[in-house]
Amino acid sequence: MDSLLQIESYEPQVIERKWQTQWDTDKQYQTDTADSSRPKYYALSMFPYPSGRLHMGHVRNYTITDVIARFKKMHGFNVLHPMGWDSFGLPAENAAIKSGIPPAKWTFENIDHMRAQLKSLGLSYDWDREVFTCREDYYKWTQWLFLLFYKAGLAYKKEAPVNWCETCATVLANEQVIDGLCWRCDTLVIRKNLSQWFFKITDYAERLLNNLDHLPGWPDRVKTMQRNWIGQSTGTEVDFAVDGHPDTTITIYTTRPDTIFGVTYMVLAPEHPLVDQLTTAEHKEAVEAYRQSARTKSEIERTSTDREKTGVPLGSFVINPFTQEKVPLWIADYVLLEYGTGAVMAVPGHDERDHAFAKAYQLPLRLVIQSPAFSVDIESQAYTEPGILVNSGQFNGLKSQEAKEHITQFAETNGFGRAKTQYRLRDWLVSRQRYWGAPIPMVYCPSCDVVPVPESELPVRLPEDVDFSVTGRSPVSTSESFVNTSCPKCHGPATRETDTMDTFVCSSWYFLRFVDPLNEDRIFDSATVNHWMNVDQYVGGIEHAILHLLYARFFTMVLHDQGLINFLEPFDNLLTQGMVLKDGAKMSKSKGNTVDPDTVFHQYGADTARFFILSDSPPQSDFDWKDAGVEGCYKFLRKTWRLVVDNQSALDVSLAEPNYRDLQGLQRDLYQLTHQTIQGVTTDLSQEFQFNTVISKVREFVNGISRYPVSTNTKDPVFSLAIKTLLILMAPLTPHLTEELWQKLGGSGSVHHQSWPSVNTEALVADSVEVVFQVNGKVREKATVPLNTEKGVLEKMALENDRVQKFMDGKTPLKVIVVPNKLVNIVVPQ
RNA sequence: GGGCAGAUGGCGGAAUGGUAGACGCGCUGGUUUUAGGUACCAGUGCAGCAAUGCGUGCAGGUUCAAGUCCUGUUCUGCCCACCA
């Protein structure tokens, strides 16, 4: 082995395959969830959609979680680190349309390829827990959850204007419309009236919002985004009677009840249900035309803030309950049916939108809020700040804030209003007119109406005899054998729901199934899930800040309320990793600047890819992939390899740790460096996952060891300790390299089963320190002094120093600050 | 328009209020090599021969001492947005 003729070079491709096979065979990363002798740790990456190939974003995500999982394991935790596939979704269906490959075949081939790629990255997954959301053993339970929601009154069907993407030929949830465009294909989203299934996430708006305060392990950025999305506002509802319609009132929602005396008209959303009834004959034609044009507008057109305000009057009037004044009723598309009550009181003097509208249609303005600082003029511009009430009857003179309370109170007392908390969040539209998803387990019976499929009949299997080319309805509806069924209640002929579920439903509970993935009788065993949840560390992209992370929280709360689990939030700690860029630009196929992970594995090995992708930036920041950087990491690993292999004759990892107090000179220095590195790496890994600084410390350590003069004739206990420590500290980062070297050195078992080294704090303290001498805060001299040199001695040294005296320029010090082991600062008159 | 981040060499980035620029990339010079690459050594914030001066987006402030704390401001990125 030690023969000079046989110096082995670093061949990552060979050793990586060898160890991956070995770990697989040994089931090295299998988790025994029944073992409660050790504390549990659940490390989870957001599972991927099997698009076909891994990209660098995946590599970064999974490497980060893998390092955490391995690190925790070496700390004695029973670690659960699973992987699976979010495998329903549109690309599979598009492949079917384009090339006739069945979606299932396409999906599973992609999974096989990507699984092989994941294995070649050396990730410590327990593959026995792999879940596939598109497989019956999983979607059976997704359907079961739908039924649970239905029974709890949290799933309902309603006809509503919905977001429709023409390209994807399906509806979209509110969360999937980004700037008016489809999240997947950037097509302009239009409004369509359809009868669709919804989950009542709005019932949970308040709890989803308030619980964010109890998630200290989540980045503020994500919490803020969710808060904005849920969009709580507190205000008042006021009922306005309709003139000439004694039984009809219109309720408006306002956050500015203090301006209610300034109402000069009222506006309804064009789709408001009272529009037909309240349109007078002479306005019918204009109103119909306006409603028609509003209907065909896309969301982006309609909500554009810089568009001219348009609207038409209905001919009816409402009565302001505070002033008994008659004000005209209009419709305008700047009022949204989905928010509040779909009706707003218009106060053009104190709201910019109402002001613009009033100016366009010559509606009157009225000043009801006066500024305490200047005289308000509302002719040219609305005054939207709070102030003092004027022209407001009994409320004159109150400040806006008090007035809001008094006016709301007055409305409540008189029965025409109430305080109301409003959310921007809307119910989650879960129907999709697509094939490759979990069928919604519902049946339509001519006599019994909507009937849920009994649990015993789950899963409702996806049919295979479908025509993928239909648009506007689910391809599932082309399967006669699927559609025609019998009613579970009356056993008469009935038809099945042909829509499938949004894939975000499938991914809202997968983290629970990972704990008990093979359970055939139940969705999961509650006791086991209660023990293993929460996810201790969740890692994924910021793009899921709202969508997936909000839905998963919602599901968890519902399952808690239904008594299946005993916790309210799924993810204790969340790390949102930054994007992977290439030379400063976002990697994309269209730009042609992608880096294929396989190429990197082949050329440099997985350890290099892992090491590099953790190296330059903190995990939360964007990471710039540079070929020169990969090269540099490869060289470093090769240097590390040689450092060990070339010095094997001096190494014996079974030697006992030397006694620090017996060490001197370079041995003492190396021992110190070893323990300083343990300290630094451990801190950076356990507190903030600062992989970039971990790597710089590892590099400093290797540089330090390289400078140490090794005697090749004898086993050196200090050098052996340094190398042994290096391999253990690097094991989570570069698992193959360290395993191979560990084995070469005759280490016992796997390097990944070693305990994390502990710090000898005595060795952290240096014998001498460098102290700086400052004059007026500027460093003028440095001196190396014994540790803990006394203040007086330091002061004397500084004052007698030539260079210090030069800059003191003969002046008498006003003050001398001495910080032991750090500095002396001499303050002289300037 | 509202909210949240952030701004440090040629580049990615380090810095419990106490030596700004760790570590790496790049670059310069050198050694080894037929040569290139590799490896190794030295250097590398800016200006200057040097002494020295100046330096963490900008303007102030607190402090013996500020990248770090405070006030204001500019710019960049992200999220939300006719939300009443």
Side-chain angles (χ1 to χ4, degrees), chain A residues 178-179 219-233 235-236 252-257 259 266-267 269 302-307 309 332-336 338-347 350-354 356-357 384 422-426 542-543 545-546 581 583-584 612 615-618 620-633 635-636 638-639 642 680 690 692-703 706 770-782 806-807 813-819 821-828:
Chain A
I178 314 290
D179 292 335
D220 287 337
R221 186 149 83 108
V222 173
K223 288 191 278 191
T224 307
M225 281 164 70
Q226 292 213 355
R227 279 193 194 100
N228 285 344
W229 188 259
I230 296 167
Q232 188 184 56
S233 77
T236 308
I252 58 92
Y253 173 75
T254 180
T255 53
R256 291 295 304 271
T259 65
M266 179 187 284
V267 192
R302 192 172 155 178
T303 58
S304 161
T305 45
D306 37 60
R307 204 163 60 82
K309 299 271 179 297
D333 63 6
Y334 77 89
V335 176
L336 309 173
E338 298 84 0
Y339 186 75
T341 60
V344 302
M345 64 177 207
V347 185
H350 303 283
D351 181 279
E352 284 173 22
R353 295 152 303 181
D354 297 343
F357 191 82
T384 58
Q422 186 69 46
Y423 297 91
R424 214 188 60 92
L425 184 71
R426 315 219 189 129
I542 186 74
E543 67 273 17
I546 295 171
L581 311 174
D583 300 321
F612 176 52
S615 64
D616 271 353
S617 306
Q620 297 85 352
S621 309
D622 287 349
F623 178 86
D624 201 1
W625 185 280
K626 288 188 187 142
D627 293 337
V630 193
E631 189 76 33
C633 288
K635 286 179 194 167
F636 173 76
R638 197 174 51 190
K639 177 179 171 176
R642 274 201 304 261
Q690 294 294 344
N692 54 330
T693 56
V694 167
I695 282 176
S696 74
K697 280 162 189 149
V698 166
R699 281 177 179 275
E700 283 177 279
F701 191 24
V702 168
N703 291 343
S706 301
E770 193 177 57
V771 169
V772 298
F773 299 150
Q774 300 178 328
V775 179
N776 288 334
K778 285 199 164 62
V779 178
R780 296 304 181 185
E781 184 65 304
K782 299 173 183 181
K806 176 183 166 195
F807 284 94
L814 296 170
K815 201 179 207 179
V816 179
I817 313 286
V818 184
V819 183
N821 299 325
K822 279 255 160 61
L823 56 80
V824 180
N825 186 15
I826 296 158
V827 186
V828 294

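Here is the naming used below: chain letters follow the sequence lines, and residue numbers restart at 1 for every chain.
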Interatomic distance at [atom1], [N] relative to [M], whole Å:
{"N": "B/rA50", "M": "B/rC40", "atom1": "P", "answer": "30 Å"}
{"N": "B/rG18", "M": "B/rA5", "atom1": "C1'", "answer": "28 Å"}
{"N": "B/rU68", "M": "B/rU19", "atom1": "C1'", "answer": "15 Å"}
{"N": "B/rC27", "M": "B/rU38", "atom1": "P", "answer": "10 Å"}
{"N": "B/rU8", "M": "B/rA22", "atom1": "C1'", "answer": "13 Å"}
{"N": "B/rG13", "M": "B/rU63", "atom1": "C1'", "answer": "29 Å"}
{"N": "B/rC46", "M": "B/rU56", "atom1": "P", "answer": "15 Å"}
{"N": "B/rU34", "M": "B/rG21", "atom1": "P", "answer": "41 Å"}

Inter-residue atom distance [X].[atom1] - [Y].[atom2], 0.5 Å rounding:
{"X": "A/Thr384", "Y": "A/Arg256", "atom1": "OG1", "atom2": "CZ", "value": "7.5 Å"}
{"X": "A/Lys309", "Y": "A/Tyr334", "atom1": "NZ", "atom2": "OH", "value": "7.0 Å"}
{"X": "A/Asp220", "Y": "A/Arg227", "atom1": "CG", "atom2": "CZ", "value": "7.5 Å"}
{"X": "A/Lys778", "Y": "A/Asn825", "atom1": "NZ", "atom2": "CG", "value": "11.0 Å"}

Seminar exercise, completed: Atom CD1 of A/Ile252 and atom P of B/rC83 are separated, to the nearest Å, by 15 Å

Seminar exercise, completed: A/Arg227 atom CZ is separated from B/rC78 atom P, nearest whole Å, by 22 Å

For this session: Specify the glycosidic conformation (syn or anti) of B/rG9, with syn defined as within 90° of 0.
Result: syn

Just checking [X]: base, sugar-phosphate only, or nothing, at a heavy-atom cut-off of under 4.0 Å?
{"X": "A/Thr224", "value": "sugar-phosphate"}
{"X": "A/Glu352", "value": "nothing"}
{"X": "A/Asn703", "value": "sugar-phosphate"}

For this session: Write down the partner of B/rC4 under the Watson-Crick or G-U wobble criteria, each distance required to be under 3.5 Å.
Result: B/rG77

Problem set entry | Side chain A/Glu770 and base B/rU19 donor-acceptor under 3.5 Å | yes

Of all the choices, [options], which nucleotide is nearest to the side chain of [X] once you look at every atom?
{"X": "A/Arg221", "options": "B/rA14, B/rC4, B/rA84", "answer": "B/rC4"}
{"X": "A/Arg780", "options": "B/rC82, B/rG53, B/rC25", "answer": "B/rG53"}
{"X": "A/Val779", "options": "B/rU16, B/rC64, B/rA20", "answer": "B/rA20"}

Exercise. Does the ring center of A/Phe612 lie less than 6.0 Å from the ring center of A/Phe623?
Worked result: yes

